[in-house]
Amino acid sequence: MTTSHNSTLHDNNNHTGASTRSPSPTPTVHEEPSSPRLPPTHSQDAPDLSFPYQTTDYLRAGLTNEYREVDPSGVVPMQGALYRAPTKEAKQLDLEKSRKLSDYQLVVWKVDDPEDPRNWSNGYRWYLTFVVACSVIACAFGSAIVTGDFRDIEHEFHVSEVVVALSVSLMVVGFGIGPLAWSPLSELYGRKLLLASSFWIYVIFNIPCAVAKNIGTLLVCRFFCGIFASAPLTLAGGVISDIWDNNERGFAIAIFAAAPYGGPVVAPLVGGFIGEQIGWRWLFWVNMILAGVCAVLVTIMPETYAPVLLRKRAAKMRKETGHYNIVTEQEMFPRPFSEILVETLVRPFQMLVTEPILLLMSLYISLIYGLLYAFFFSFPVVFGEGYHFSDGIVGVTFCSVLIGLALALLVTPRLEKFYAKKVEEGGGKADPEARLPGMMLGAPFVPISLFIFGWTAPPYVMPGGGNWVGPCISGIPFGFGMVVIYFAANAYLIDAFPAYVASALAAKVVVRSGMGAAMPLFITQMFHGLGNGWAASLLAFLALAICPIPFLFYKYGKSIRARSKRAA
């Protein structure tokens with residue numbers, strides 16, 4: 001329900017620079033919001049990922065299209081701009097409160113506004129996409145770079161492989177904890193400040209890793225590396241959403257979906273040769289150099305977050321005009337700090353318990369993510385111990401996973417076209433389940449890849465000639481399935497929980513990181529104990545067991561959402 005007017009909000013062809021949305025005098029209540037002026041690149045039915053969900057009291061006040069709407073004057077009346085959030089937990093809009101808002105003007109973008117990141121040139125926006133994608137790759141790269149030379153670290157510090165594996169696990173744990181803080185802070189202070197500051201701190205924490213005199217120093221600093229490296233992992237997708245609107249960001253988001261998985265895959269390839277030639281400490285020096293280059297690129301990029309940009313514009317307009325009724329929705333309806341804590345620290349876990357869609361999709365994504373880190377420890381067992389490859393050549397075998405990633409990037413635009421067709425068939429709107437065919441396509445590839453990996457490895461296919469090709473090519477279907485599944489699952493969660501996007505994604509990240517952190521601690525022992533074939537098969541059966549999830553949600557997802565308080 002929304003507060004509007006008898007003639008709703010209509011356009012005036014007045015060419016005077018005044019707002020084109022003018023309220024009629026008699027207020028009434030309508031079920032649908034009045035139509036704002038939105039650019040053709042934006043679909044109002046898709047979630048606005050630039051909306052500050054965690055710091056705005058939108059469940060009580062209502063949502064607006066402030067960060068997408070355009071108007072020649074740069075302001076629109078607050079009254080009538082609010083509409084109810086698409087969730088059962090949202091409060092009915094207060095008609096009396098809406099009347100009191102009639103004096104307030106909401107700051108929006110002007111038509112063809114040069115300060116709107118979506119109006120920047122395509123070339124510049126692709127450059128920024130490249131920068132944030134590289135930042136994600138660099139941070140994810142850092143999580144697995146240490147796998148390039150475990151043995152020398154074990155010998156120098158006189159510890160077991162499991163203890164050294166904690167240097168991977170603790171960084172991935174940091175990936176799960178950090179976003180709980182970075183996400184709400186970015187809504188208050190913007191993308192650039194947090195990206196740049198956290199990146200530089202991440203660079204600095206690589207130094208004690210490289211010069212560590214004991215294993216404790218290494219492990220503690222790796223944990224803090226994960227905390228600060230998680231900021232780019234968290235905010236890069238937001239930057240892409242800031243500069244590409246929801247009807248044009250398909251391929252850009254596909255690149256972002258591949259980056260968190262491509263980074264760790266490249267790490268053993270580089271780290272193996274570094275460890276062989278110049279020692280394990282240089283793993284961290286090289287990682288620091290890569291992170292430093294990305295930190296420079298992130299530091300010189302502009303702010304892209306619309307709520308922060310419009311908030312600064314509103315403050316400037318108030319100062320210049322003396323009219324203190326010019327505001328943003330975030331300023332008008334701030335969420336109390338206690339509720340921000342609930343939103344970031346409590347609600348994601350509440351939703352995991354109460355929302356079967358979020359729980360099962362998070363478990364699916366987390367298993368795929370965990371299997372990626374399982375590969376980092378099972379490949380050395382198969383290729384290093386079975387085929388007696390050096391650490392550097394073991395790293396080269398990960399190229400097969402990169403091939404699978406590349407193939408997935410060729411398929412994801414077709415998935416976007418399929419979804420666009422469903423939107424067109426639905427008269428401009430499609431159910432979230434229209435996102436699931438990508439998962440349905442990618443699901444069988446993961447267990448297939450694991451069966452190939454386990455049963456073409458020694459001792460079932462003995463070393464000799466080109467017999468290494470069997471387990472090596474298993475990375476191709478795995479890389480393909482991994483990216484296609486993540487791309488579709490992430491889009492499904494966003495569309496299924498449009499009013500709780502931040503909480504849903506935070507829950508997914510925590511569960512995913514937990515699985516990624518756990519896998520390194522037992523994979524080597526599992527492959528030694530069960531043998532290559534049965535260890536890989538156990539993982540394959542787990543992947544096979546969850547394959548029906550996207551098919552079930554495709555059929556029953558709509559009825560499950562209908563019974564949910566938070567789903568669309």
Side-chain angles (χ1 to χ4, degrees), residues 49-50 52-55 115 117 127-143 145 170-211 220-243 256 259-260 263 284-312 315 330 334 337 340-341 343-345 502 505-506 509-510 513:
L49 298 185
S50 283
Y53 290 101
Q54 293 173 290
T55 54
E115 295 183 17
Y127 163 74
L128 293 178
T129 301
F130 170 78
V131 168
V132 295
C134 286
S135 72
V136 171
I137 291 172
C139 293
F141 175 91
S143 68
I145 186 66
L170 287 173
M171 186 163 181
V172 178
V173 168
F175 287 170
I177 296 175
L180 298 176
W182 302 128
S183 184
L185 287 174
S186 71
E187 293 187 2
L188 296 173
Y189 304 110
R191 316 283 195 201
K192 178 182 176 178
L193 176 63
L194 292 178
L195 274 171
S197 58
S198 62
F199 228 130
W200 284 113
I201 297 174
Y202 169 50
V203 170
I204 292 169
F205 267 106
N206 274 278
I207 298 174
C209 292
V211 300
V220 169
C221 292
R222 287 285 287 174
F223 173 71
F224 282 108
C225 280
I227 292 286
F228 292 102
S230 68
L233 293 173
T234 305
L235 304 180
V239 173
I240 292 174
S241 299
D242 294 340
I243 60 180
F256 169 69
F284 300 107
W285 292 124
V286 170
N287 188 52
M288 186 190 76
I289 292 169
L290 175 61
V293 171
C294 291
V296 171
L297 294 176
V298 166
T299 302
I300 62 177
M301 67 180 282
E303 178 60 63
T304 61
Y305 194 44
V308 170
L309 295 173
L310 290 179
R311 192 170 69 230
K312 291 179 179 178
Q330 190 183 34
F337 180 71
I340 294 176
L341 289 179
E343 177 77 15
T344 56
L345 301 180
L505 295 183
V509 168
V510 170
S513 298

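- The shortest distance between side-chain heavy atoms of Y127 and L297 falls below 4.5 Å.
- Heavy atoms only, all atoms of each residue included: N287 and A138 are closest at OD1-O, 4.1 Å.
- The shortest distance between side-chain heavy atoms of L180 and L345 falls below 4.5 Å.
- With hydrogens and angles disregarded, a donor-acceptor distance shorter than 3.5 Å links the side chain of S198 to the backbone of L195.
- Residues A259 and V136 share a closest heavy-atom pair of CB-CG1, 3.7 Å.
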_Go through it in stages, so that I can follow the logic: the residues are F284 and I289, the test is side-chain contact (heavy atoms from CB on, under 4.5 Å), and I'd like the CA-CA distance, side-chain angles, deciding distance and then a yes or no._
CA-CA 9 Å; F284 300 107; I289 292 169; over 6 Å; no
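- Between V298 and A196, the shortest heavy-atom distance links the atoms CG1-N, 3.7 Å.
- Across G174 and P179, no two heavy atoms sit closer than the pair O-CD, 4.2 Å.
- For the pair C139/F199, a side-chain contact is recorded, criterion being any heavy-atom separation below 4.5 Å from C-beta on.
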For residues 226-234, which side-chain N or O atoms pair as donor and acceptor with protein atoms under 3.5 Å away, sequence neighbours left out?
{"residue": "S230", "atom": "OG", "partner": "W182", "partner atom": "NE1", "Å": "3.0"}
{"residue": "S230", "atom": "OG", "partner": "I227", "partner atom": "O", "Å": "2.5"}
{"residue": "T234", "atom": "OG1", "partner": "S230", "partner atom": "O", "Å": "2.6"}

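- Separating the OH atom in Y53 from the CD atom in E343 is a distance of 11.0 Å, to the nearest 0.5 Å.
- The closest donor-acceptor contact from the side chain of T344 to the backbone of I340 lies under 3.5 Å.
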*Begin from the C-alpha positions of M301 and V239 and carry the test side-chain contact (heavy atoms from CB on, under 4.5 Å) through to its verdict.*
CA-CA 11 Å; M301 67 180 282; V239 173; 3.9 Å; yes
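- Of the inter-residue distances, the one linking K312 atom NZ with L310 atom CG reads 11.5 Å to the nearest 0.5 angstrom.
- In this structure, the side chains of I204 and F224 stay at 4.5 Å or more apart for every pair of heavy atoms.
- Screening residues 184-193 for side chain to side chain donor-acceptor pair (under 3.5 Å) gives T55-E187, R191-D242 as the qualifying pairs, with residues at least two apart or on separate chains.
- Heavy-atom minimum distance, Q54 versus S183: OE1-OG, 2.6 Å.
- Nearest heavy atom pair, residue W200 against residue G292, reads CH2-O, 4.1 Å.
- Atoms CH2 and SG, from W285 and C209 in turn, are 10.0 Å apart once rounded to the nearest 0.5 Å.
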*List the steps, then state whether side-chain contact (heavy atoms from CB on, under 4.5 Å) holds for V173 with F223.*
CA-CA 7 Å; V173 168; F223 173 71; 4.0 Å; yes
_Verdict with supporting geometry, I145 and V286, side-chain contact (heavy atoms from CB on, under 4.5 Å)_ = CA-CA 9 Å; I145 186 66; V286 170; 5.7 Å; no
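- Looking at E115 and L309, their side chains never come closer than 4.5 Å, going by heavy atoms from C-beta outward.
- By the 4.5 Å heavy-atom criterion applied to side chains, Y305 and P52 are counted as neighbours.
- Listed for the R311 side chain is a donor-acceptor partner under 3.5 Å among the backbone atoms of L188.
- Evaluation of the side chain to side chain contact (heavy atoms under 4.5 Å, CB included) rule for P302 yields W120, Y124, L128 as partners, not counting sequence neighbours.
- Judged by distance alone, with hydrogens and angles left aside, the side-chain atoms of S513 form no donor-acceptor pair with the main-chain N or O of V510 at under 3.5 Å.
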